[in-house]
Amino acid sequence: MRTETGQVTSLADYRPTDFVLERVDLTFELDPTETKVEARLIFHRREEANPNAPLVLDGDELVLSSVLFDQIEIDSERYTATPDSLTIRDLPASEPFEITITTLINPEANTQLMGLYRSNGIYCTQCEAEGFRRITYFPDRPDVLAVYTVNIIADKAANPLLLSNGNFLGGAGYGEGKHFAAWFDPHPKPSYLFALVAGDLGLVEDTFTTVSGREVALKIYVEHGKEPRATYAMDALKRSMTWDEETFGREYDLDIFMIVAVSDFNMGAMENKGLNIFNDKYVLADPETATDADYANIEAIIAHEYFHNWTGNRITCRDWFQLCLKEGLTVYRDHEFSADQRSRAVKRIGEVRHLRSEQFVEDSGPLAHPVRPSQYKEINNFYTTTVYEKGSEVTRMIASILGKDLFKQGMDLYFERHDGDAATVEDFVQCFADVSNRNLSQFSLWYHQAGTPHVTVSCDYDTNAQTFTVKLAQTIAATPGQPDKKPMHIPLSFALLANDGAMIAPASASGGEVSENLLHLTEAAQSFVFHGVPERPVLSLNRSFSAPVILNFTQSSDDLALIARYESDLFSRWQALTDLALPVLCEGVKQVRAAQPVLFNDALKRSLLAIVADDTLEPAFRAQALALPSEADIARELGGDIDPDAIYAARKAIIHDIAVAGLDIFKGLLAQMATDAAYTPDAKAAGQRALKNAALAYVVQAENDPLKAAEAYAKANNMTDLSHSLSILAHHFPGTTETKAALSDFESRFANNALVLDKWFSIQATIPGEDGLVRIKTLMQSPKFNAANPNRVRALIGSFAFANPTGFHRADGASYSVVTEEILAIDKRNPQLAARLLTSMRTWKLLEPQRAGKARAALTTIANANDLSNDVRDIIDRILT
Ligand code: ARG
Ligand code: ZN
């Protein structure tokens with residue numbers, strides 16, 4: 001494990017390597033505990049480099065067996081080897097030379113799941129960001145691109161399958177009981193895209209003919225017996241390949257594309273060239289075991305990793321500060337893909353919900369950092385929603401500022417200009433500046449300034465002059481290391497609505513750039529005046545969430561109700577409902593804390609029920625409307641002195657009230673959406689299920705009776721309905737006979753399916769109330785739980801810490817102690833997983849004082865522990881500051 005180094009890596013220190021790596025030849029003799037890795041590396045010194053500079057290679061927990069120079073053992077004075085570096089001196093000034101390094105590694109003991117490890121008997125790798133240096137000494141940085149040949153030797157019976165990047169060269173027997181395979185990847189790549197897989201797996205095969213007529217073999221490898229559950233992933237892959245050709249003109253570039261699903265994986269998946277490795281959670285699906293959300297995630301992640309082939313692999317990052325160059329852009333591409341495959345508006349609502357609940361929280365707390373950071377202590381801690389999701393939003397803003405055609409031209413230019421490069425964010429932005437002749441320097445602040453901009457809005461209508469003035473002011477709070485911010489270029493999509501809901505087209509506008517329904521806010525304060533506006537309009541601002549900002553805009557309930565009723569942008573209708581709901585919920589929290597009854601006016605109820613009852617609206621949208629702001633949303637809105645119990649109680653009371661008022665509607669929907677049709681995972685069917693299930697939750701809460709949920713559980717013919725009814729039972733009627741029966745039925749029915757049991761873990765881990773702690777402690781003892789598997793840990797401990805506010809933040813602080821103890825234990829095995837779990841406490845300072853004190857004490861225990869990983873040390877230092 002890499003323990004705390006305290007070292008800071010700075011963007012300002014970037015400089016190219018002294019040596020150019022020309023070729024890489026790797027030979028692996030696989031063995032579960034003693035794998036031999038021989039790396040033959042051909043280098044030459046860069047012309048500009050100091051002729052005496054030594055070659056310094058990265059390592060991490062490596063054991064060197066030997067090092068050769070041009071096939072001859074080097075004098076021990078000429079090199080220095082430590083577990084984390086190999087330095088070789090006295091190297092040629094200009095001519096190429098070969099270094100051959102042999103290391104011994106232990107895949108079985110690799111519990112941090114970085115480098116080469118074993119998962120359920122399968123050898124696999126994860127090299128991004130800095131895992132390759134755990135395999136061999138190497139210039140392990142993304143700007144070192146080389147062509148790789150890989151030879152794999154392994155026991156044949158245990159490992160019939162030997163895979164690596166690129167195209168298969170050939171294979172043969174190799175001594176007693178062994179065989180070998182050779183792979184060649186013609187595309188120069190950085191080490192983080194290297195992959196190797198060996199083992200015994202089942203295969204699902206297909207082919208794809210590219211737009212220029214080349215046939216590509218598609219192979220998805222999963223554990224034997226799970227092949228039928230990989231067909232949806234295959235379908236999603238083919239749709240992704242077609243979409244990238246049609247939308248971005250990107251064609252696949254090898255003869256084979258492989259996906260391997262493994263059960264132990266720190267993240268979602270990895271885009272290794274030609275050989276993507278996936279967390280099996282994002283590959284395996286069938287109606288009996290996967291929910292609609294699982295299907296949507298699989299589709300999105302398959303697409304995401306495939307899209308990386310161009311945005312990430314063909315054009316990679318110069319250094320890890322540029323991570324958003326590939327991640328933000330690729331998230332944008334997968335969002336657009338899903339929007340095209342499904343309902344764009346519903347997809348957008350989901351994206352914004354996620355952005356606000358994760359990224360906005362990150363951006364306003366101790367872990368805030370720019371989309372393109374300039375310093376890090378541990379790069380693994382920068383695979384964040386800021387880099388990914390805010391990075392995607394920044395790309396989206398470029399698209400809306402430039403418009404569809406210019407954005408396409410800019411992307412084309414990027415692919416043309418930088419194919420084969422290790423590029424920077426500046427390179428990317430320059431392409432859009434060049435095609436549009438726009439100066440994007442102010443816009444680029446989105447990459448460099450952390451924090452979510454707040455935009456204050458006020459409006460004024462002048463009847464006599466028929467002008468409508470929109471006054472905007474922007475601010476960004478200080479974030480770590482950035483006390484002062486400059487005004488940003490914020491593109492705000494808008495509409496002016498008349499009293500009857502029709503759109504008003506003003507004759508002209510002044511005060512700043514206004515183009516195609518976009519207000520370009522560029523000053524700290526700016527007034528836009530619309531002329532020729534015949535009546536007082538209602539302003540709908542930030543339509544489709546054109547900019548990732550927080551609007552401070554107090555609109556009357558009447559105005560919000562009008563938007564909720566008439567906006568043609570469905571996102572804005574949902575947003576108006578949210579804006580009606582949040583003040584009601586926050587007021588409810590105050591009432592609960594003052595021990596008063598929770599009372600609220602009818603505007604919210606009326607607007608909400610009207611939308612829910614409107615058959616002309618797509619069911620998935622109506623379901624989104626019914627999912628009122630979450631407890632975390634309310635906490636964010638309150639902004640401090642958080643009492644999770646009061647939030648829970650207020651929200652529950654308000655939902656109960658709405659449920660009672662709309663009972664007939666909800667019952668009607670339950671009947672109307674019920675269907676005997678066989679399950680299909682498409683967006684339309686999923687939307688109907690979502691509405692039916694939302695209605696079920698309201699009916700059950702209105703009646704305060706588990707009966708209907710128990711019935712739904714009994715007759716469910718798919719995992720969406722089954723897990724939904726189970727969570728209604730568990731969350732609203734814990735401990736009842738109905739709930740106990742359903743939980744134990746679920747457990748025995750899926751006893752052999754770990755991914756499905758994760759749902760069982762997480763449903764129980766999120767049952768509200770302080771008993772949650774006892775429950776997760778008991779579940780951790782379950783034979784089904786395995787603390788070494790990241791999916792299990794996230795399902796149980798992660799769900800509890802991130803998604804059970806009343807349980808995790810119980811007032812006596814007991815949950816904090818248990819979870820921090822667990823984090824310390826996990827840190828010994830898997831620092832990345834531990835660091836991720838620890839971020840669940842990043843908002844501790846916003847809690848009411850008693851809880852905040854308990855949280856601080858628990859965090860201090862972590863801070864005082866010895867031998868923390870670099871990952872956990874970095875997070876704890878920032879959170880506690
Ligand atoms: N590049 C991967 C993706 O598609 C993420 C891999 C990150 N892995 C890590 N260990 N930090 O988003
Ligand atoms: Zn990615």
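Atoms within each ligand, like the ligands themselves, are counted from 1 in listed order.
If you put the vertex on the Zn ion (ligand 2), NE2 of His304 and NE2 of His308 sit 100° apart, to the nearest 10°.
Side chain to side chain, Asp827 and Ser869 meet the donor-acceptor criterion of an N or O pair below 3.5 Å.
Figure legend: Arg333 and Phe248 shown as a cation-pi pair, the cationic atom lying under 6.0 angstrom from the six-membered ring centre and within 45 degrees of its axis. Under the 6.0 Å distance and 45° angle rule, Arg314 does not count as a cation-pi partner of Phe415.
Residue contact annotation: Glu305 places no N/O/S atom under 2.8 Å from the Zn ion (ligand 2).
The distance between the ring centers of Trp183 and Tyr148 does not fall below 6.0 angstrom. A ring-centre distance under 6.0 Å is found for Phe321 and Tyr376.
For the pairing with Asp363, the salt bridge (charged side-chain N to carboxylate O under 4.0 Å, His left out) check across Arg356, Lys390, Arg842 returns one residue only, Lys390.
A distance limit of 4.0 angstrom between heavy atoms and ligand 1 selects the residues Met114, Gln126, Glu128, Met267, Ala269, Met270, Glu271, His304, Glu305, His308, Lys326, Glu327, Asn380, Tyr383, Tyr388, Gln832.
Sorting the N, O or S atoms of Glu327 by how far they are from the Zn ion (ligand 2) puts OE1 first.
Annotation: salt bridge (Lys or Arg N to Asp or Glu O under 4.0 Å) contacts involving residues 109-120, sequence neighbours excluded, comprise Glu108-Arg118.
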